[in-house]
Number of protein chains: 2
Amino acid sequence: MHHEQHLKSSDTIRDIVIGMSDGLTVPFALAAGLSGAVNSSGIVVTAGIAEIVAGSIAMGLGGFLAGRTESDHYTSELKREYEEIERVPEQEKQEVREVFADFGLSEHLQHQIADEMAKDKDKWVDFMMRYELGLEKPLANRATQSAITIGVSYIVGGIIPLSPYFFEHDSQTALYYSCGITMVCLFVFGYFKSKVTGQPAFLGAVKVLFIGALAAAAAFIMAKLINAA
Amino acid sequence: MHHEQHLKSSDTIRDIVIGMSDGLTVPFALAAGLSGAVNSSGIVVTAGIAEIVAGSIAMGLGGFLAGRTESDHYTSELKREYEEIERVPEQEKQEVREVFADFGLSEHLQHQIADEMAKDKDKWVDFMMRYELGLEKPLANRATQSAITIGVSYIVGGIIPLSPYFFEHDSQTALYYSCGITMVCLFVFGYFKSKVTGQPAFLGAVKVLFIGALAAAAAFIMAKLINAA
């Protein structure tokens, strides 16, 4: 049981890779979809930038506020547990015993554990928080930093599929370049995303690439259909 | 310690509310952004539909594949733990003792717990999975159903801010209606989203509304700036 309380640089790398590989997907698909409906790259760029701004705010700010809420929730539950072990200690001991009853330990041992654990109130509460309520102490700064990192990486990831549209006025031509660049990037970032989240890397890369390609193809076809209607 | 293994209808409601409130945000902001740059609702509708298709595929399929990966990971770790308690039982017992050492239990009690737990191999492995590795048994079907529900709800949520653009040709006028409808919906879905995820409901509703409004305003301003450049 190691509960690391410090920020690791690998966490930041993880957030960057997640934000970038996600950022590649939807802006890429949106740009591909619009390229199927309009000829001017200008509109694709405008829509793409609007999506990237909206997506990064929703993701970054949403993550930040969710982190704050989680942190508040933990603090209020912690306060409640401290109150409960003072107010109804026998009931709280019974809850400790129930955790171990679930793992088939004898009643005798259950009582011993609960009695011994009750001697140190901080550790008792820590145990209840983690194993009765399933709550880990949230790292408030970590959530904020993570949200900002993911949001910024989403912007950087989203710029990649849009970049050909900056230079090439004809959206159809730009689409070919965008597909080429983005497919390579989706695979590379999907590979690292899987590595840093502990999944099989090659398979993970193929999955990320597949999702991106499917989303882009579906958006392209839908946009074509709407335009033809 | 209750680990419910059956699907609850409230989980589905939770997924619907999450998908809808998220679906409202980015398509709304994208439509608002484009309305600041183009006059025709047609382009807004095309871009909006393309975003909804891309976003729901990325979210739904991404969630589905992530669920599958999590399930595979659990199965392989479970196999490894069963092998380890056969191959190095003393080391695994030591790991059980370490969990309880962290909670300040005496060495005598640590040994008793480890010895008694080792009598039932299934419960021993279950304990290691949950408390040493922090892994809960994933519900494979649950992940799939959840991903589909969130994806579909994202589509429904995304249609709401776009709907005025279907009927009103002038994108500026459509934007006013879209803002009105979406602000109300963001608040209502934000309220229920907070309710079902166990957060303070009114405050949560304000947060969801605030994120949506900020994302839309930022997208609108960015699109205006790009268009003016």
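Side-chain atoms are counted along with the backbone in the values below, which use heavy atoms only and exclude waters and symmetry mates. The chains referred to below are lettered A, B, ... by the order of the sequence lines, with proteins before strands, and numbering in each begins at 1.
- For the options A:Ala223, A:Pro27, A:Ser106, A:Gly212, heavy-atom pairs under 4.5 Å to chain B are most numerous at A:Ser106.
- Across B:Gly204, B:Ala31, B:Ala217, B:Ala58, the residue that shares the most heavy-atom pairs under 4.5 angstrom with chain A is B:Ala58.
- Interface remark: A:Met222 contributes side-chain atoms only to the contact with chain B (heavy atom separation under 4.5 Å).
- For the 3.5 Å distance criterion, the side chains of B:Ser35 and B:Gln172 fail to qualify, holding no donor opposite an acceptor.
- Aromatic ring pairs are classed by plane angle as parallel below 30°, tilted from 30° to 60° and perpendicular above 60°; the pair B:Phe100 and A:Phe100 is tilted.
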Checklist line | Check against side chain to side chain contact (heavy atoms under 4.5 Å, CB included), A:Leu175 and A:Phe220 | finding: CA-CA 11 Å; A:Leu175 176 60; A:Phe220 184 86; 3.7 Å; yes
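- Side-chain contact between A:Met20 and A:Tyr154 is absent, with no heavy atoms from C-beta onward closer than 4.5 Å.
- Heavy-atom pairs under 4.5 Å with chain B peak, among A:Leu34, A:Leu105, A:Val44, A:Asp72, at A:Leu105.
- Contacts with chain B were tallied for A:Asp22, A:Leu30, A:Asn227, A:Thr25; A:Leu30 has the most, counting heavy-atom pairs under 4.5 Å.
- For chain A, no part of B:Ser56 is nearby; none of its heavy atoms comes within less than 4.5 Å.
- Under a 4.0 Å N-O distance rule, the pair B:Asp102/A:Lys123 does not qualify as a salt bridge.
- The six-membered or imidazole ring of B:Phe187 lies away from that of B:Phe192, with a centre-to-centre distance of 6.0 Å or more.
- For a residue to count as touching a neighbouring chain, one of its non-hydrogen atoms must lie under 4.5 Å from one of that chain's; by this rule B:Phe28 does not touch chain A.
- Residue contact with chain A, scored on non-hydrogen atoms closer than 4.5 Å, involves the side chain of B:Ile226 exclusively.
- You'll find the side chain of B:Pro161 reaches within 4.5 Å of the side chain of B:Leu24, heavy atoms only.
- Of all heavy-atom pairs spanning B:Val208 and B:Ser21, the tightest one is CG1-CB, 4.5 Å.
- In B:Phe166, the CZ atom is crowded: over 12 heavy atoms of neighbouring residues, nucleotides or ligands sit closer than 6.0 Å.
- Taking A:Gly33, A:Ala216, A:Ala50 one by one and counting their heavy-atom pairs under 4.5 Å with chain B, the maximum is reached by A:Ala50.
- For chain A, the option among B:Val26, B:Ile221, B:Ile211 with the highest count of heavy-atom pairs below 4.5 Å is B:Ile211.
- Chosen from B:Val53, B:Asp120, B:Ile52, B:Leu203, the residue pairing most often with chain A at heavy-atom distances under 4.5 Å is B:Val53.
- Both the backbone and the side chain of A:Ile113 have a heavy atom closer than 4.5 Å to some heavy atom of chain B.
- Counting heavy-atom pairs under 4.5 Å between each of A:Ile43, A:Thr46, A:Val38 and chain B puts A:Thr46 at the top.
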